[in-house]
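Notes follow once the structure below has been shown.
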Amino acid sequence: MIKKLLFLLLIPFAVSAQTINISLDYAGLIVEPVQGQVTPVTALEIGDEFYIDVTVTNTDNTQFKATYADIWLTFKNDAFQYLGVDNPNGSQANWYTNQWPSVYSFNTSPNYTVDDMYGQYYNSNWSYVGEQSLHAPLVISSQTAVELTGVVARLKFKYKPVSNGFDFSQSVMLRKAMVRDNVSGYTFQTIKAFPHQTFDNVPASTTVTALLHVDFPETVDPTMFNVGLYRRSAQDPNTWEQVPGSSIVNFDSAGDANITPGFNRTDELAAIVNWNSQTPFSQFYDEVVTISDAALAFNELNNRGINQDEVGNEFAYGIQFMNGDVYQNGDFHIDDSYMILAHVLGNNTYLEQTDAMVFASKFYLKSDYDAITKENYLQYPNVGTLMIALDNTAANTLNFEYNASIAWRGDVNLSHSSEPVIQNQNTAKTAKAFRFNTNKVAATVYSKLTTELKDGKVVATLTFDPKTQEVKGTQFKLAYDESKLIFDEIKFNTANTATNFGTAKENYIRFGSLVQVGTEKLSDKTTYTLTFTPKVQLTNTLGLIVTSNTDAVNKSGEQLKLIIN
Amino acid sequence: MKKLLTVSLLLLTAACVKDDIYIETPMVELEQSIFEKGSTVLSDTDLISFELEAEGEYYLTIKDEMTGELMTREIFNGVEGKNSLQIFTKAIPKGSYHLILTDLKENQLQKTNIKL
């Protein structure tokens with residue numbers, strides 16, 4: 001009897017003693033030079049591609065087995081390129097994986113130890129910190145209910161060149177995890193990062209390289225662009241060819257790219273930057289030129305003083321005139337403003353091709369860019385280009401660093417262009433030009449989106465709350481599932497004098513309003529109602545219509561932050 | 001001779017026993033509310049199930065886990081007890097999201113994490 005009582009008392013302890021341990025373990029090069037041998041971690045070099053295994057151990061799997069795991073990590077993407085995840089169990093245990101740019105900070109909960117993966121899973125959070133962040137979030141989630149034990153996933157990384165003195169601590173780090181037995185519905189509550197929570201190895205070679213830095217603003221993710229090293233062709237001086245031995249590489253999150261391979265001091269060299277993302281360039285560009293640019297362009301041309309001969313009452317920088325001159329004929333004119341508006345409305349565009357970055361981007365050496373003023377801007381080239389000329393022949397050493405700036409055709413408010421640093425700049429106008437910036441306090445207005453099935457149609461309704469802002473323009477972009485919906489119409493309930501627009505293109509609807517008449521503005525009665533006809537039988541609408549990007553501008557031409565909630 | 005026959009019989013029996021071939025097959029998962037699972041990977045048109053205490057109108061909202069930004073919100077008529085709705089993912093960028101059930105006053109009732 002006593003033995004039975006003791007046994008019953010032990011059961012809860014046995015259950016609570018069940019622990020899931022998750023560990024990160026270096027596991028050799030992806031392609032070992034000698035099959036069957038594992039390159040020691042101390043022999044790793046810059047450029048090597050290697051495995052970090054995720055190992056799961058269940059201290060007692062007799063009652064509950066780990067069959068689902070959601071594991072979050074961070075890695076320093078200035079030093080590592082994430083190449084994906086291999087499944088050691090083949091198709092029986094597929095992994096969902098995703099990574100984010102290194103603009104987020106993982107806020108460890110102080111109420112739980114750092115290695116308490118379960119405690120951190122439910123009590124930690126992420127916050128946006130921009131360029132300060134060193135760590136890119138990464139997640140793997142299992143998709144098949146086999147028992148997860150032993151090496152369950154093989155993360156693949158590649159060492160990237162870094163500057164001297166780079167801190168490799170916490171290069172890859174387990175942050176939080178949730179593990180379940182989906183057969184019984186049991187969630188493991190003791191999950192530890194053990195024995196190895198981090199991978200911190202310092203590779204043997206860390207050398208200073210020839211670097212190109214582009215001053216991307218915070219609104220632009222540098223990793224969506226790549227760059228290659230080119231030289232003027234000896235056979236045809238009007239042609240540029242890639243330098244033998246050079247690579248086309250993506251910029252890192254700081255806007256740096258290693259251009260050492262192929263770099264020399266004899267050829268006339270240039271860096272050619274291009275769009276390198278799965279997102280079409282046109283989608284990115286939709287965020288660059290918005291209703292705020294159109295409104296500011298009109299404001300500059302309408303605010304020319306009593307004699308209509310003043311310039312620069314709204315624009316702070318010469319580059320704003322250049323970006324506003326979308327016809328690129330050396331004359332920022334009312335026609336340019338209307339063309340910017342037409343581009344935003346989706347009726348017409350000044351871009352020769354909407355998906356080719358070369359027609360929209362402009363690059364300058366930073367020293368030149370910072371010298372452009374409202375008085376001398378006509379002296380600078382104002383055509384689309386992907387090219388940055390490098391002065392590589394005058395130096396005495398290989399350790400070169402080049403600094404460049406980027407600007408965009410149509411980006412009148414410089415929301416996605418480098419911020420010029422100009423002497424004796426008018427600070428009030430500078431503040432206006434950069435009113436909307438993720439690191440600066442921005443006036444925020446709100447909108448609410450609701451979708452529903454109504455009388456056999458899918459209806460999306462957007463209402464608007466301008467708060468205290470005198471809003472003159474709004475711009476919304478909604479994505480919809482065109483495999484299931486046909487867009488019918490949009491109904492506007494806005495100020496009487498508003499110019500309303502709505503354009504359907506591919507699987508997006510762009511719409512909004514612009515009020516140009518004096519004291520009129522958009523009120524909190526503003527409503528947009530979009531109607532779709534289903535192509536398939538539907539019982540609900542969750543996920544059929546989603547927000548994409550938004551913009552709003554007030555009567556001063558200042559870009560506002562428009563949040564859909 | 002007897003021993004030889006016995007051994008032979010034993011060998012013959014052993015030879016005829018079917019070899020065990022172990023093939024790991026996915027386990028059958030317990031059917032649970034999406035909100036009880038804590039985290040799930042979902043694909044287009046997957047059914048999500050959950051319980052409601054009362055009939056009425058509710059919101060289902062999807063928000064980006066990293067930024068908190070709202071991706072979409074649906075208003076639907078729920079029934080008391082089990083509700084099953086489809087989720088449509090083709091228009092939503094790949095990522096990690098919070099799926100949140102609220103009443104019409106936007107009081108949070110249940111919340112979970114989904115990967116799309």
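Below, chains carry the letters A, B, ... as their sequence lines are ordered, and counting in each starts from 1.
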Q | Closest heavy-atom pair and its distance - A:Val546, B:Ile92 | A | CG1-CG1, 3.5 Å
Q.
With a 4.5 angstrom heavy-atom cut-off, is it the side chain or the backbone of B:Asp44 that approaches chain A, or both, or neither?
A. side chain
**Q.** A:Leu538, part contacting chain B, at a heavy-atom distance under 4.5 Å
**A.** side chain
Q | Which portion of B:Glu36 sits near chain A, non-hydrogen atoms under 4.5 angstrom | A | backbone
Q. How long is the span from the CH2 atom in A:Trp95 to the NZ atom in B:Lys115, to the nearest 0.5 Å?
A. 11.0 Å
Q.
Return the CZ to OG1 distance between B:Phe88 and A:Thr451, rounded to the nearest 0.5 Å.
A. 10.0 Å
Q. Taking atom CE of B:Met66 and atom CH2 of A:Trp126, what is their separation to the nearest 0.5 Å?
A. 5.0 Å
Q) Is it the backbone or the side chain of B:Ile62 that comes under 4.5 Å from a heavy atom of chain A, or both, or neither? A) side chain
Q: May I ask you to decide if A:Lys448's main-chain N or O and B:Arg73's side chain share a donor-acceptor pair within less than 3.5 Å?
A: no
Q) Between B:Thr40 and chain A, which part of the residue has a heavy atom less than 4.5 Å away: side chain, backbone, both or neither? A) backbone
Q.
Quick check for you: to the nearest 0.5 Å, what is the distance between A:Ile563 atom CD1 and B:Thr67 atom OG1?
A. 10.0 Å
Q.
Show the nearest heavy-atom pair for residues B:Lys37 and A:Arg180, with the distance to one decimal.
A. O-CD, 3.0 Å
Q) Counting distance only, does the side-chain N/O of B:Lys94 pair as donor-acceptor with the main-chain N or O of A:Thr97 below 3.5 Å? A) yes
Q. Has the side chain of A:Ser141 got a donor or acceptor atom that lies under 3.5 Å from a matching backbone atom of B:Val41?
A. no
Q | N/O donor-acceptor pair under 3.5 Å between A:Tyr96 side chain and B:Leu116 backbone | A | yes
Q) Going from CG on A:Leu542 to CZ on B:Phe76, what distance comes out if it is rounded to the nearest 0.5 angstrom? A) 9.0 Å
Q. Would A:Lys176 and B:Glu65 count as a salt bridge (charged side-chain N to carboxylate O under 4.0 Å, His left out) if you check the C-alpha gap in whole Å, the side-chain angles of each, and the deciding distance to 0.1 Å?
A. CA-CA 14 Å; A:Lys176 60 177 185 174; B:Glu65 175 176 349; 3.2 Å; yes
Q: Find the distance between OG1 (B:Thr89) and CG (A:Asp481) and round it off to the nearest 0.5 Å.
A: 8.0 Å
Q: Check for a donor-acceptor pair, side chain of A:Thr547 on one end and backbone N or O of B:Leu70 on the other, with a separation under 3.5 Å.
A: yes
Q | Which atom of A:Asp70 lies closest to which atom of B:Ser39, heavy atoms considered | A | OD2-OG, 3.1 Å
Q: Tell me, with the steps shown, if A:Asn540 and B:Glu74 meet side chain to side chain contact (heavy atoms under 4.5 Å, CB included).
A: CA-CA 8 Å; A:Asn540 67 288; B:Glu74 167 182 33; 2.9 Å; yes
